[in-house]
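The block underneath contains the structure these notes are about, expressed in structure tokens.
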Amino acid sequence: MEWFDTWGLSLIVFLPLVGALLLMLLPREQEESHKWVSLITTAIVLVLSVVAAANFDFGAAKSFQYEVNESWISAIGANYHVGIDGISLPLLVLSGFVTLLSVIYSWNHWEEPRNPRAFLALMLVLLTGMNGTFVALDLVLFFIFFELVLLPMYFMIGIWGDKSERELPVFGKTVSVRLYAAIKFFLFTLFGSAFMLLGFLALYFNSADSVAGRTFDIPALIARAPELTMLPVAGWIFAGLFLGFAVKVPMFPFHTWLPDAHTAAPTVGSVLLAAILLKLGSYGFIRIALPILPEQAKQWAPIIAILAVIGIIYGALACLAQSDMKRLIAFSSVGHMGFVMLGIATLTDVGINAAIIGMVAHGVITGLLFFLAGSMSHRYHTRDMARLGGNQSLMPMLGGILAFTAMASLGLPGLAGFWGEFMSLLGSYNPLEGLSIGLFRTAMVIGAVGTVLTAGYLLWMLQKVNLGEPKAEWDGHEFHDVDKFEMAAWVPLIVTIIAIGVYPKIVFGATTDAVQALVQTAFGG
Amino acid sequence: MGYDIDYLALAPEITLAVTAMVVLSLDLVLTRKNKYWTAIAAVLGVGFAAFPLITLAVSDVGARSMFDGSYVVDDFALVLKGLFVAAGYLVLLMSVQYIESDRYYQGEYYFLVLMSILGSVVMASARDLIILFIGLELVSGPLFLLAGWRKGDSRSNEASLKYFLLGVLSAAIMLYGMSLLYGATGEVTFDGIREASAGLVGEPLFIVAVLFVVIGFAFKVSAVPFHFWAPDTYEGAPTPITAYLSVSSKAAGFVGLLIITYRALPEASAVWGPALWIMAVLSMTVANLTALRQQNIVRLLAYSSIAQAGFMLVPFAVAGVSNDPDALEAAFAATITYLIIYAFMNLGAFAVVIAGARRTRTGDIDGWAGFGRYSPGLGFLAAVFFFSLAGIPPLAGWYAKFVMFSSALGGGSVWTGLLAAIAAVNAVIAFYYYARVVKTIWMDEAPEMIEVDDQPVIGSLRLALVLSAAVVFVAGFFPDLINFFSQTTKLLAAG
């Protein structure tokens, strides 16, 4: 398997791009072959990720494996440096997994104006961007992949998104939902990442020490963290990175693009957006911001924690105010990512482990919820919860899966959602030494109230959608329950939710050592 | 004193001049329906001009200096001559069908474009004030005429007149500045001026001279507040000429500015540094905000090119305040990198506009609704070029923006940091109007009653599109290819 050590990660990153090119070469009419090309490409990518996981040396999870480091842009010393450790491995597998399921789900679910070739090609480009971000170990490379996901998602939302119109609350202008959401998503993220890039460049210019010159290399920068974090401009650099990552997560108050984008996106777009794209931000905090600028991370941790709990409570309350089912799920992401960020803010290994398992769990659970919401609006042609109801009796199977997923989302012990919430609260009981215990314990209490509210709005949603009698308007309608493509896409997610819930070591086995090493080097704790 | 003329070093200029004469004579003898041969001769001639450039580049003689150091063919000159020839070649490819369908004065058109290319090629080698001025006027002179080429259209007349009047004004200001510079230093060569200017920095006369020269070039690169001619001229001129104005003519202005600031007047950086800092900020901000409101796609590209000039001025401002030689070289290379990438992506954008305006029969952005549906290939290319202009990876534009930001932060002072932050905000604003074009093309519904010209895109235009798209993709993935050129030019900055 020697070839795999050098080529494995590059194949995982660039095969989807090859698949996308292949799609463009196929004639537009051959929809079947488009689907098969995409399915085979994503399946190979997932298999390669699983092979990477199987051959991963878990004893050395804290060091980067399958590393490749080749010169790329010599003038600025940027390298093609890729590699994975225990932190990136679960996320890499997750992104291949969810994309494959999205292709399967798409098989007979096409939103207008169809054009499967273009849609699948965008999905594959998206996969390249996501996988690339998780394996990149060079800041410039990271930036490229981080930005690469924007274009496909912009087109997915803008072309295949929600066709309705709505009035903007403040401006009083009527806008097309999908166009508004698409540009808002892009502008917010671009604004953040422009400052993130300035932060990267500032790190580069200050990275020279007596031994080596300037570098964009992430491990090298981590090694120089003690000097970098003492720089007078380090606070500004952290602010830039914070802006880039926090918009992506998204943290309150940068979250406003999220409900619009999730609601307007086509089903698969919402799934990928929720399951993977949001993780790029929190991953950036763990991979770049914390280990390179530990002192600033300590200074900012209280702010991050406060914003995180605001996000938890705000997300939950906003959910209770929604009438649109998809928008409710979108706001629930704000809350769940709040738990992830609270975990990160504790700067302890418990908290960061919680963040990573929370990311994976949110990926599979909210991904599944968006699948379900998409399938329901496909059948009912509405997402208005006031008009839904009695779904359980109309479609027992779909209703059952929805109930199950909602339970997972509210953090029921034994299912995947539990670990992230529970451990993140546990972590904030005992944050890193030097952080204000009072503040974090208050955050813990508020977060605990948040879990209750989370349970509240999810049960409220279940009650409105699933229970009760079907509305009179659906009399005489034939609803077909879950079809085989939906089944094929959802069962693996359900299995994963249970598996992680029962045996969280699937994730922790990879992350624990890596997270401990990270916390040890950065904060000595 | 006798002059040793190095004919190989002058071969590109000679090729272009001979081609221009051939085109003019062909025009005399050809019958009307055979006039297209003038286009073929022009395209071939510009292609031939590239060969001596390659021979010169691989020869190991080093810099070839003529006329007492007033005319130098070094790496800097070769890279920029290459850029001018390549950009001119693409513009000629874009012109063929456009000019043929306008039916008049084909021969003269190509003659004038060739002369303008010749002027820019001369400029790259200019190392004294006189040759620089002659080169610059040879670039602009033919364009005064070409901007008015669509004689029947009053907007084209307006374009030509406006460009002429402001062009002459700027030439006068620059020439006045140059004469003061000569008066103050007693030198015309740049090296001489540099040596003589060391003790003059506090002299009011010298400061006025520097400012006048810089303002003269600011007109040429259409930096705010000297940009007023640009939108009207761009909109009225024939579109291939607009492309030429926004790329080659602008690049010629930047070449002049580069030589003057880095080579002749590094001592006066305290004068031109702040001036260019202000112009960079104004150009980015004013042009981007105005571009948001444009309805016409060419006008939008006009404001976009003003804003891009603002981004290109950022490294100058850094060089003006920085004393670190590394930062200075990085800033110099950043401008060259930006110029090269900008040339290809902007020409590509204009090629799409030419092809698209033919198909949709309108230059109105809203008239392009649904364009991507009935013309997916051009729609795809439009997305490629406009997003590249916006600087979105993996298209080449990201690297241009990247080196610009990099040079700004490398300056290491509060002023350059602030400039970087302003540029970052502007990059986001600019994205909005570039995305708006793509949105209209791909996401808006086509009007039901639409008459579309479904003629296929003509071969020469297709070639221009493919070539620029290839550069935009390849340079986006492998920016080292562009660096190879821009890094070799750094020697000039080092003096």
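None of these values were measured; they are calculated from a predicted model. Numbered from 1 within each chain, the chains take letters A, B, ... in sequence-line order. Scope of the values below: all heavy atoms of this structure, side chains included, with no hydrogens, waters or symmetry mates.
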key: Atom pair CG/CD1 of A:Leu187 and A:Ile183 - distance to nearest 0.5 Å   = 4.5 Å

message = Less than 4.5 Å to any heavy atom of chain A: does that hold for the side chain of B:Ile392, its backbone, both, or neither?
response = side chain

remark   = So, the part of B:Ala383 with a heavy atom under 4.5 Å from chain A: the answer is side chain

Under 3.5 Å, which donor-acceptor pairs link chain A to chain B? Give each pair on its own line with the distance.
from: A:Trp72; atom 1: NE1; to: B:Phe477; atom 2: O; distance (Å): 2.8
from: A:Ser74; atom 1: N; to: B:Asp480; atom 2: OD1; distance (Å): 3.0
from: A:Ser74; atom 1: N; to: B:Asp480; atom 2: OD2; distance (Å): 3.0
from: A:Ser74; atom 1: OG; to: B:Asp480; atom 2: OD1; distance (Å): 3.4
from: A:Ser74; atom 1: OG; to: B:Asp480; atom 2: OD2; distance (Å): 3.0
from: A:Tyr154; atom 1: OH; to: B:Ala435; atom 2: O; distance (Å): 3.4
from: A:Arg178; atom 1: NH1; to: B:Met443; atom 2: O; distance (Å): 3.0
from: A:Arg178; atom 1: NH2; to: B:Met443; atom 2: O; distance (Å): 3.2

task = Under 4.5 Å heavy-atom distance to chain B, tell me which part of A:Leu179 shows up: side chain, backbone, both or neither.
result = side chain

key: By side-chain contact (heavy atoms from CB on, under 4.5 Å) - contacts of A:Ala20 (at least two apart)   = A:Ala121, A:Leu124, A:Val125

ask   = Got more than 12 heavy atoms from elsewhere within 6.0 Å of CZ, B:Phe478?
value = no

inquiry  = I'd like to check the side-chain hydrogen bond (donor to acceptor under 3.5 Å, both in side chains) partners of A:Glu227; sequence neighbours left out, ordered by chain and number.
reply    = none

request  = Check ring pair (Phe, Tyr, Trp, His ring centres under 6.0 Å) between B:Phe311 and all other residues, then give those that pass, not counting sequence neighbours.
outcome  = none

query = Between A:Phe188 and A:Phe254, does the ring centre distance come in under 6.0 Å?
reply = no

message = Any heavy-atom pair between the side chains of A:Phe205 and A:Val233 that's under 4.5 Å?
response = no

remark   = The interface call for A:Leu150 against chain B, heavy-atom contacts under 4.5 Å, is neither

ask   = Under the side chain to side chain contact (heavy atoms under 4.5 Å, CB included) criterion, do B:Phe473 and B:Val384 qualify, and how do the steps go?
value = CA-CA 9 Å; B:Phe473 271 110; B:Val384 167; 3.9 Å; yes

ask   = Which region of A:Ile159, side chain (C-beta onward) or backbone (N, CA, C, O), has a non-hydrogen atom less than 4.5 Å from a non-hydrogen atom of chain B, or is it both or neither?
value = both

Leading residue by heavy atom contact count with chain B [cutoff under 4.5 Å; candidates A:Phe146, A:Phe186, A:Phe191] = A:Phe186

note = Residue from A:Ala118, A:Ala194, A:Ala75 scoring the most non-hydrogen pairs under 4.5 Å with chain B is A:Ala75

ask   = Would A:Phe216 and A:Leu203 satisfy side chain to side chain contact (heavy atoms under 4.5 Å, CB included), going step by step from the backbone distance to the final call?
value = CA-CA 8 Å; A:Phe216 282 111; A:Leu203 279 177; over 6 Å; no

key: Most chain A-contacting option - heavy-atom pairs closer than 4.5 Å, from B:Ala427, B:Gly410, B:Ala423   = B:Gly410

ask   = Do B:Phe431 and B:Phe387 pass the side chain to side chain contact (heavy atoms under 4.5 Å, CB included) test, and can you show the C-alpha distance, the side-chain angles, and the key distance before you say yes or no?
value = CA-CA 8 Å; B:Phe431 173 79; B:Phe387 279 136; 3.3 Å; yes

query = Which atoms of B:Val403 come close to chain A, meaning under 4.5 Å heavy atom to heavy atom: side chain ones, backbone ones, both, or neither?
reply = neither

